[in-house]
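Presented below is the structure to which this report refers.
For the numbers below, each heavy atom of this structure counts, side chains included, while hydrogens, waters and symmetry mates do not. All ligand and atom numbering here is 1-based and tracks the order in the structure.
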Amino acid sequence: MTEFSGNRNFKISNQKVVESCSSNIALIKYWGKYEGQIPANPSISFTLNHCKTNTEMEFFAAEEFSVQTYLAGNEEVKFAEKIEKYFKSIEVYLPWILKGKYIIKTENTFPHSSGIASSASGFGAIAKCLMSLDHNFNVDNQQATTDTQKTSFLARLGSGSACRSLYNGLVVWGKTEEVAESSNLFAVPYPNEEIHPVFKKFNDWVLLVHEGEKTVSSTVGHALMDDNAYAERRFEEAHENFKILKEILKTGDMKRFITFVEHEALTLHAMMMMSNPAYILMKSGTLEIINNIWEFRKETGLNIFFTLDAGANVHVLFPENEESDSIKSFIKEELLPSTQNGKMVMDEMSF
Ligand code: DP6
């Protein structure tokens, strides 16, 4: 399917562009996809304020195509290969893209190898750089009309979750009847007027339970949903969950929100355990933290809860209010010891 076509004669000159993009954490998870990076179900995430990728892209017009990448000053050949593959896949939209040499220098504001997903912020920043290089990037249908939608479209083709990082706040990717503007091709912001004020300032403290490479990548994980006997039910559930979440977001029902978000996180990991071959990305520290949160919540009634990415780290969520100080002390004293090296990243989302 060709959603955009560039002007075939369009050329860009030598340029250097610099862009930054935030990471995000999903509340309804994207897990499973179809050909052409189309999500098997709609997802919604919060964009983080501090976990970001800063990227400088230098383009030198040339007949030969090459990409060199540096991560925090060190050359990264694997990342360059990934980018080359990505650029080749989007040539249909940016016809000039293979006509030059690229030097891409990228840096994350969160620790390298922390297990915090860098593909969302990484591809978000790359897509923004490409948009800066080519403002004339054309649309030949009416689906993606704004510059941000077009950037999100390009980011999606690099990494699905990246397309949600182009906006602040709550962001939806994937067609759902519950959000009028939603699309499988790019993300859109969740309507602000539908969000109760209690959800507008949240902390997300990421406990680094395990640093380093995951045993199963997200790409492999998504593919394992193809033959997962429970996948169809999961995709249906994600659709149903949008209806439920919409109500929660509107009414500000924090207790229901907590149960909902944790259920989504555990479902993601349950899908991994029910794949063939089965795999488990949680570590003992992950389970210790979850059980500790549950116990503390039961004892105190405080609104502290968790979500998980496709990895062992735990995102501890809690609204910013007069109760947050006791939650913060609890995390530092009781949860932090379950991490590999006593490390966490204190982020937040606000809009
Ligand atoms: C568990 O976006 O990393 O974080 O599209 O193959 O790059 P690719 O996968 P990716 O998958 C993220 C999955 C998730 C849930 C989510 O962010 O919705």
Side-chain angles (χ1 to χ4, degrees), residues 21-48 51 53 78-79 81-83 85-86 89-90 108 114-127 152-167 170-174 176 182 184-187 190 204 206 213-226 228 231 234-235 237-239 241-242 245 260-273 275 279-282 286 306-315 317 349:
C21 188
S22 285
S23 188
N24 69 73
I25 180 73
L27 302 175
I28 296 180
K29 310 286 180 184
Y30 146 60
W31 200 240
K33 59 176 157 180
Y34 306 125
E35 191 66 29
Q37 199 76 334
I38 300 300
N41 64 258
S43 58
I44 182 166
S45 57
F46 263 125
T47 297
L48 297 170
C51 285
T53 299
K78 265 201 175 152
F79 187 47
E81 286 166 4
K82 223 172 168 178
I83 298 295
K85 206 168 142 206
Y86 169 55
S89 77
I90 56 175
N108 296 327
S114 61
I116 295 181
S118 60
S119 77
S121 52
F123 275 100
I126 296 269
S152 172
F153 177 99
L154 283 183
R156 175 194 114 239
L157 296 168
S159 177
S161 55
C163 75
R164 296 185 309 239
S165 275
L166 277 302
Y167 308 84
L170 274 171
V171 186
V172 176
W173 171 42
T176 161
S182 60
N184 283 333
L185 305 180
F186 51 85
Y190 187 81
D204 177 358
V206 193
E213 287 275 310
K214 296 187 284 195
T215 47
V216 178
S217 72
S218 285
T219 311
V220 173
H222 284 290
L224 284 170
M225 284 297 273
D226 292 349
N228 186 319
R234 159 63 196 155
F235 302 149
E237 188 200 41
H239 277 275
N241 278 353
F242 254 89
L245 184 61
F260 180 95
V261 170
E262 291 185 348
H263 173 77
E264 268 291 321
L266 293 174
T267 302
L268 169 71
H269 285 259
M271 286 296 128
M272 298 175 191
M273 290 183 224
S275 293
Y279 60 105
I280 301 177
L281 295 183
M282 290 187 284
T286 315
F306 69 88
T307 188
L308 305 166
D309 235 331
N313 296 336
V314 184
H315 289 247
L317 304 172
M349 38 238 169

Which of the numbered atoms in ligand 1 are under 4.0 angstrom from any heavy atom belonging to Ser119? 3 (O)

Tell me, with the steps shown, if Val171 and Ile44 meet side-chain contact (heavy atoms from CB on, under 4.5 Å). CA-CA 5 Å; Val171 186; Ile44 182 166; over 6 Å; no

Output the list of atoms in ligand 1 that are nearer than 4.0 Å to some heavy atom of Ala310, sorted by atom number. 1 (C)

What are the atoms of ligand 1, with element, lying closer than 4.0 Å to any heavy atom of Gly160? 2 (O), 5 (O), 7 (O), 8 (P)

Would you confirm whether the ring centroid of Trp173 sits within less than 6.0 angstrom of the ring centroid of Phe186? no

Closer than 3.5 angstrom, by distance alone: can the side chain of Thr47 be matched with the main-chain N or O of Ser165 as a donor-acceptor pair? no

Can you tell me which residue among Leu245, Val172, Thr267 is in a side-chain contact (heavy atoms from CB on, under 4.5 Å) with Ile28? Leu245

If we set the cut-off at 4.0 Å for heavy atoms, which region of Ile25 has an atom near ligand 1: side chain, backbone, both, or neither? neither

Please assess Leu27 against Leu170 for the test side-chain contact (heavy atoms from CB on, under 4.5 Å), listing each intermediate value before the final yes or no. CA-CA 9 Å; Leu27 302 175; Leu170 274 171; 3.8 Å; yes

What part of Ala26 sits under 4.0 Å from ligand 1 if we count only heavy atoms: the side chain, the backbone, both or neither? side chain

Under 4.0 Å to a heavy atom of Gln37 - the qualifying atoms of ligand 1, by number: 5 (O)

Subset of ligand 1 atoms that lie under 4.0 Å from at least one heavy atom of Lys33: 5 (O), 6 (O), 8 (P)

If we only count N/O pairs under 3.5 Å, is Lys29 in contact with ligand 1? no

Nearest heavy-atom contact between Ala162 and Ser119 is CB-O, 3.9 Å

Under 3.5 Å, N or O to N or O, is Asn24 touching ligand 1 that way? no

Checking heavy-atom distances from atom 5 (O) of ligand 1 to each of Tyr30, Trp31, Trp173, Phe123, the winner is Tyr30

Going by the atom numbers of ligand 1, which of them fall below 4.0 Å from some non-hydrogen atom of Arg164? 16 (C), 17 (O), 18 (O)

Should Arg156 be listed as contacting ligand 1, given a heavy-atom distance under 4.0 Å as the test? no

Distance-only donor-acceptor check, side chains Thr307 and Lys29, under 3.5 Å: yes

Spell out, as yes or no, whether a donor-acceptor pair under 3.5 Å connects the side chain of Asn228 to the backbone of Met271. yes

